[in-house]
Student: 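After the structure tokens below, expect a handful of questions from me.
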Amino acid sequence: MKSEPDEFSIDDLAAAPASRAPWTGIRNYQARNFMRDDMRVGDQAFFYNSSCPEPGIVGIMRVCRTAYADATQFDARSEYFDPKATRDAPRWLHVDVAFVRKMRWIGLAELRQHQVLADMRLLQRGNRLSITPVSAKHWKLILRME
DNA sequence: GCCAACGTTGGC
DNA sequence: GCCAACGTTGGC
């Protein structure tokens, strides 16, 4: 799961009440569907820093609530406001995540050095999705890279 | 700031 | 349903 660290960092997550936070602001249907359909309480995810000088994985978090309506879509003052969303038919959902731990920074270039990760969705050419699945194989390898 | 890649919009 | 135009993402 990608975040721009200037917007929301892993330290922000760790410092949040109970070290939990809603993953707000996802406005892409595929990313939304991954949260809605594939993420369950207890699932783990890498925290990935994007759009920053040193993009890469910086830690691990855990899903602590399944997908529900993103409140920012209803807030006209929010940058994530969606005039087409209604309370009865929300368009945008998110899970809640909990801080697990920080990892050493594993940058994009280092990730790309591993043959095993060549088919990881995050690293695919042209991938812009901010949420992508991680296979067990990829998860284990990245843990071993620490 | 550039630009490749991809998603969304809206006219037809 | 097609597709051109436009917007966004995100590494570099």
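Order of the sequence lines sets the chain letters (A, B, ...), proteins ahead of strands, with each chain counted from 1. Only heavy atoms go into these numbers, but all of them, side chains included; no hydrogens, no water, no symmetry mates.
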Student: Is it possible for you to check whether A:R65 lies under 6.0 Å from the centre of the six-membered ring of A:Y68, through NZ or CZ, and within 45° of that ring's axis?
Tutor: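 Yes, a cation-pi geometry holds between A:R65 and A:Y68.
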Student: Rounded to the nearest angstrom, tell me the gap between atom CZ in A:R32 and atom C1' in B:dT8.
Tutor: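 The answer, rounded to whole Å, is 14 Å.
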Student: Within this structure, what is the CD-to-C1' distance between A:Q30 and B:dC6, rounded to whole angstrom?
Tutor: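 Taking atom C1' of B:dC6 as the reference, CD of A:Q30 is at 10 Å.
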Student: Regarding A:R91 and A:D70, does a basic nitrogen lie under 4.0 Å from an acidic carboxylate oxygen?
Tutor: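 Looking at A:D70 together with A:R91, the answer is no, because their closest N to O distance does not fall below 4.0 Å.
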Student: Return the polar atom pairs (N/O with N/O) between nucleotides 10-12 of chain C and the protein under 3.5 Å, or none.
Tutor:
residue, atom, partner, partner atom, Å
C:dG10, OP1, A:K2, NZ, 2.8
C:dG10, OP1, A:R128, O, 2.7
C:dG11, OP1, A:Y48, OH, 2.9
C:dG11, OP2, A:S51, N, 3.0

Student: Rounded to the nearest angstrom, tell me the gap between atom CD1 in A:I131 and atom P in C:dT8.
Tutor: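 Rounding to the nearest Å, CD1 of A:I131 and P of C:dT8 are 19 Å apart.
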Student: With A:W92 as reference, evaluate A:W23, A:Y29, A:Y80, A:F74 under the ring-ring contact (aromatic ring centres under 6.0 Å, His included) test and give the passing residue.
Tutor: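 Passing option: A:Y29.
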Student: For A:R104, is there an ion pair with A:E110 - N to carboxylate O distance below 4.0 angstrom?
Tutor: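 A salt bridge links A:E110 with A:R104.
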Student: Restricting to pairs with a member in residues 113-146 of chain A, which pass ring-ring contact (aromatic ring centres under 6.0 Å, His included), not counting sequence neighbours?
Tutor: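 Matches after skipping sequence neighbours: A:F46-A:W139.
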Student: Can you tell me how far P of C:dT9 sits from CZ of A:R121, to the nearest Å?
Tutor: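 Distance, rounded to whole Å: 17 Å.
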Student: So do A:M61 and A:I10 actually touch side chain to side chain, heavy atoms under 4.5 Å?
Tutor: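 A:I10 does not reach A:M61 side chain to side chain.
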